Structures are given as structure tokens and as C-alpha cells.
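Have a look at the structure below before the remarks.
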Protein chains: 2
Amino acid sequence: MAEQRTRRTKQSVNREVLESRILRSAEIIFAAKGFSGASMERIAEIAKISKQNLIYYFPNKDLLYKRVLKEILDIWIEKLSLLESDGATPETVIRHYVREKMQLSRLYPNGSKVFAHEIISGAPVLKDYLISHLKPQFDRDVAVVKSWINKGLIEDIDPEHLFFTIWAATQTYADFSIQMEVLLDKKTLDQADFERAENAVTEFVVRALGAKK
Amino acid sequence: MAEQRTRRTKQSVNREVLESRILRSAEIIFAAKGFSGASMERIAEIAKISKQNLIYYFPNKDLLYKRVLKEILDIWIEKLSLLESDGATPETVIRHYVREKMQLSRLYPNGSKVFAHEIISGAPVLKDYLISHLKPQFDRDVAVVKSWINKGLIEDIDPEHLFFTIWAATQTYADFSIQMEVLLDKKTLDQADFERAENAVTEFVVRALGAKK
DNA sequence: CTTATTGCTGACCAAAAAGACAGAATTCAT
DNA sequence: ATGAATTCTGTCTTTTTGGTCAGCAATAAG
């Protein structure tokens, strides 16, 4: 009863719980302070464990940082591919894509911020991973858009920069949320704001695409 | 001959030169490492002076950071207002706006990155300034776009989110340049890349606007 | 030429923070 | 129940770094 295939002991369960609590806490602090500004002490505090115990689970700060980064990037790469939704029209595919990306901004604002800090800083730890994992998918997705253009399904737009624009326009709702809160006079961006944002961005992108019905 | 109105002595000239060299150096380091990751030592090194001498000019790190931030924000606020180009059609005004913002990304990538780090971190030092200086201009510019809509010059779009999208899409060429370099297989983004980018983004935005000829 | 001001340096200090390490406490396997 | 493995804590060390301070050097003013 208490036994499962992968030996779910009290310890192993606890370990999983704690690890993800630590990762969540680290995400918060790295997002707010950047890599250097984040202290292990503070991360431990948020995770409600001692610093020494934190170090027991993640022997050093770099490792913890890498785990947080890899986690968010994996989610993105997994969720974001034009190829997933095959057969549909460009417009529906892109609408789906924008919605997905927007939801990632809403669901993982901290991971998104950590990623942004990292990229702005020149991707010192993530560069290789971008080359090996992101670029291949990017190339495939660009190819898809090019094929749409060749088939005359959409205007002759710039595929690479289309993606850059979509990414920027969606990611900004995670990264620059403070600025928006100030400008929209809101304590925090709520569900309704995100819906407005999603609609606005989706419409912009669809028009940019110039999809032919 | 060597004298001018404001007493341009050898010292005062040198001071100006050094100060701006320091600010430039600080910008580079803050952009690459964030506030906490930047050390006064390293900034001094880049500026080719001693740490103590740096501290002589900027008594502490916070002050230096604030100066760098204020500098870039002042440039932006000065350069970016829809009201500047009055009388023209929405399309030309927006084209001009996007081009200006794009050039700021190209000319001041480091300032832009420092700003981005700051905002992502929750704008701990810049929040008040955003409220007092950016918001009023934002409100005015939003009003301009609303008037275009009311006059039937453009589609019934979401003005606030239009600006968020434009800012994100242009700023990304400063902040996320590394990612683009990886994805486009380039050592650095050159003039041609920026022109392609500017064209692409401008066309996207103009279409999003749905300007009626 | 002399004095006052400004610019700069070397030697320090104190705080913060990463993380090493020994050992205590808890849990697991038999 | 007991030995082994795992989890957790207290103490300490070392490094980094922001910043002080006393004094030396260069420049400006009279």
C-alpha cells in the first residue's frame, strides 16, 4: 500500500517536496535580485530551511541557478513549437502560439524574469543550451513560416523577426509587469488585464501576419 | 582664448571627460552583471582609474547606479513622445516613433539593459521616477492614439497595449541581442540586421494599427 | 612664488556571503 | 532492534567588496 514502483519512502517524497519548494524560492529571489544579488541565506529563508540545509540539497549557488534556468527553458521549449499544431491554418496556429506564450508569462513570471536577467547579461551560462536546444527548434519554426509564405497563405513577412516580436511582446507581460502596473495604475495585473493583453497582442500579430482567408 | 564663460579650466574639462568615461564604464558593467554583480573595482578598471578615485567622483555605488539609470531614462523620455510630431498622419507618426525607439536600442544598448534589469527586479529605485515622469507622458500619448481612433483614422485597437508591444518589440533588440545572435548565427547584430529589424517591426506595427489611407 | 583647492593613492576596516566540516538527529532496511 | 544511510545544524574560515581615512601630488588663484 505504502509501496510503489519507485520506492516512495517518507524521505524520497519529502525530498521532492523540499526540492521543488527550494526551486520555487530560488526563482523568486533570482528574479528579484539577479544571480549575484541573490543570497543563499535569503533563498533558504524563503524556503523555510537553514542555509546549511539548502546547501545540502544544492551544493552551490551556480548549480541552483542552473536548475532554475533549465527548468523554465525546458517548459518553454516543450510548449512552444509551431509543429505541434499541424494541419491547421496559419492564423489558428499563430493564435494558439501567442496564447501559449502568454500563459507562460502569466504562470511563470519569476522563471521568465530569471531567464531575462540571464539573457540580458549575455547568457553566460545559457548560451550553449540556446545553441543546442533552442536554435534547432527556431530553425524548424522559421521553416514552417517560410512554407506558409511560399504557399501564399500569409504575406511575405520576415519570419525570424516575427518570432522575435512575438516573444518580446508576450514576455514583456512577465518581465516588465511593474512598469505596466505603474502605467495602468494597478496594484497587480489581474486576470482581466492578461485577457486584454492577450487579445491585443494576438490581434496585432495576426494582422502583422496578413493571413489570407 | 583658453577662457570661456563657465571657467573651463584644465581641471573642469578633465572632470567632465572622466565622469562620462566612468558613466560609460558603469553602464557596461551594470548591463552585464546587474547592480549587485557589478563591483566598483571592476568599473574602475574599465574606466582605467583606481577604485578610490572612482569613489572620489561617485561616493557610492547606489549614486553611480542612479546616475546611469537617470541618464538613459531622460534620453528616452525626451526622445519619445507622440506629441512631438504633430499634424502628421497616424501612420507617419508611428513609423517615426518606432524608428526612434529602434535607434535608441542600437545606440544605447547598455543603458537599455541596465534599465531592463532594474524594471525586471521590480524597479526598486526607479518606481517613483516612472510614476512622476513616465506616466504623464504615457497618458498623453495614449490620449493621442484614442483621438485617432475617435476620428476614425485607425482601427479600434487597445492603445495601452499598443505601446507595451512597441516598447517590447523594439527594446528586445538591445536586451536580448545575444539570443538573436545565437539564433541568426551572427557574432554581433550589424547595421543590416538592425535595418531588417526596423523594417519588420515597423511593418508589423503599422499593420496592427490598421491605419486607414 | 606661495597658498588653497582639487585630484588621487595606499593602507586599512567591517560586513556580507559562500561554503567546508564535524557531528547530531532522523529514517530506512534487515 | 540495530547498523547504515540520509537529513539537518552549529561553528568556523575565507573571499569579496563597499567604503574610510590620512596624506601625497597636481593645479588654480592671488
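Residue numbers begin at 1 in each chain, while the letters A, B, ... track the order of the sequences. Here the structure is a predicted model, which is why all the values come from computation and not from measurement.
Between B:Phe176 and A:Phe115, the ring planes lie tilted relative to each other; the angle falls in the 30° to 60° range. Ring geometry for A:His133 versus A:Tyr129: interplanar angle under 30°, hence parallel rather than tilted (30 to 60°). The aromatic rings of B:Tyr173 and A:Phe164 sit perpendicular to each other, their planes meeting at more than 60°, with 30° as the lower class boundary.
Closest non-hydrogen pair, A:Ala116 versus A:Gln171, comes out as CB-NE2, 4.2 Å.
The phosphate of C:dG7 (OP1 or OP2) has a side-chain N or O of B:Arg15 nearer than 4.0 angstrom.
Sorted by first then second residue, the side-chain hydrogen bond (donor to acceptor under 3.5 Å, both in side chains) pairs that include residues 53-69 of chain A, not counting sequence neighbours, are A:Tyr65-A:Glu118.
Remark: A:Ser50, A:Gln52, A:Asn53 in residues 30-54 of chain A come within less than 4.0 Å of DNA chain D through at least one heavy atom. Residues from residues 56-65 of chain B that place a heavy atom under 4.0 Å from any atom of DNA chain D, listed by number: B:Asn60, B:Lys61. Within residues 17-26 of chain B, the residues that place at least one heavy atom under 4.0 Å from DNA chain C are, in residue-number order, B:Leu18.
For A:Asp139, the side chain to side chain donor-acceptor pair (under 3.5 Å) criterion is met by A:Lys135, not counting sequence neighbours.
Under the 4.5 Å side-chain criterion, counting only non-hydrogen atoms from C-beta, B:Met180 is not in contact with A:Glu160. At a threshold of 4.5 Å between non-hydrogen side-chain atoms, the residues A:Ser177 and A:Lys113 count as touching. Between B:Leu64 and B:Met40, the closest side-chain pair of non-hydrogen atoms falls below 4.5 Å. No side-chain heavy atom of B:Ile119 sits less than 4.5 Å from a side-chain heavy atom of A:Asp175.
When B:Glu100, B:Glu203, B:Glu198 are each tested for a salt bridge (Lys or Arg N to Asp or Glu O under 4.0 Å) with B:Arg95, only one passes: B:Glu203.
A:Asn110 contributes no side-chain N or O that, together with a main-chain N or O of A:Glu27, makes up a donor-acceptor pair within less than 3.5 Å.
D:dC12 atom C1' lies 13 Å from atom CD1 of A:Ile55, rounded to whole Å.
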Might you list the N or O atoms of the protein lying below 3.5 Å from N or O atoms in nucleotides 24-27 of chain D, with each pair's distance?
residue: D:dT27; atom: OP1; partner: B:Lys10; partner atom: NZ; Å: 3.4

